[in-house]
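Reviewing the structure listed below.
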Amino acid sequence: MTPDRSTSRRCARGTATVAPSGCSIRVATPADLDAVAGVDAEAFGEPTQLIRSWVEPELESDACRVVVAEVGGSVVGCATGTSSDGWAG
């Protein structure tokens, strides 16, 4: 399966997972823009500047929640969730 920004997965509300030892998960802030864009650019093979144009509004939106995974103080992964009314596409 090829990574695709339009692909989403449904999760049960309230489902929790435990981060591997040495990895912490936290809500991203606007200060994480460059790190999140870098991780996404690497994962999706897109230019960082293009990814920044996707991520910046998500970091500032009340409808989106971006989280980052950190190891040793460096962002090594990220995920974005979006809430909506009804079905979303």
Side-chain angles (χ1 to χ4, degrees):
M1 180 175 185
T2 303
D4 181 338
R5 290 190 69 69
S6 65
T7 302
S8 63
R9 295 182 183 198
R10 290 185 170 270
C11 298
R13 177 170 263 176
T15 303
T17 59
V18 177
S21 179
C23 179
S24 61
I25 309 293
R26 66 173 175 79
V27 175
T29 70
D32 294 310
L33 175 59
D34 289 334
V36 172
V39 167
D40 266 12
E42 182 70 25
F44 294 104
E46 298 288 346
T48 303
Q49 199 58 29
L50 175 63
I51 299 296
R52 284 176 59 95
S53 69
W54 278 79
V55 173
E56 189 168 25
E58 292 174 341
L59 288 170
E60 297 172 358
S61 171
D62 290 336
C64 292
R65 178 67 48 97
V66 180
V67 295
V68 294
E70 290 183 312
V71 173
S74 296
V75 173
V76 297
C78 59
T80 302
T82 305
S83 63
S84 66
D85 294 330
W87 289 95

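Position 1 is the first residue of the sequence, and the numbers go up from there.
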TODO: For the residue pair Cys78 and Asp40, establish whether any side-chain heavy-atom pair is separated by less than 4.5 Å.
DONE: yes
- [ ] Taking all non-hydrogen atoms of both residues into account, name the closest pair between Leu59 and Pro30 and its distance.
- [x] CD1-CA, 4.1 Å
Open item on the list: Holding to side chain to side chain contact (heavy atoms under 4.5 Å, CB included), I want the full list of residues that pass it with Ala63, two or more places apart in sequence or in another chain.
Closed with: Ser61, Ser83
TODO: Please tell me if the side chains of Leu33 and Arg52 come closer than 4.5 Å, counting only heavy atoms from C-beta onward.
DONE: yes
Task: Val39 side chain near Val75 side chain, heavy-atom distance below 4.5 Å - done: yes
Open item on the list: Under the rule for salt bridge (Lys or Arg N to Asp or Glu O under 4.0 Å), what residues qualify as partners of Arg26, not counting sequence neighbours?
Closed with: Asp32, Glu70
- [ ] Mind running side-chain contact (heavy atoms from CB on, under 4.5 Å) on Val68 and Val36 for me, showing each step along the way?
- [x] CA-CA 7 Å; Val68 294; Val36 172; 3.5 Å; yes
Open item on the list: Under the rule for side chain to side chain contact (heavy atoms under 4.5 Å, CB included), what residues qualify as partners of Glu42, not counting sequence neighbours?
Closed with: none
Open item on the list: Going by side chain to side chain contact (heavy atoms under 4.5 Å, CB included), name the residues that satisfy it together with Ala41, two or more places apart in sequence or in a different chain.
Closed with: Thr48, Ile51
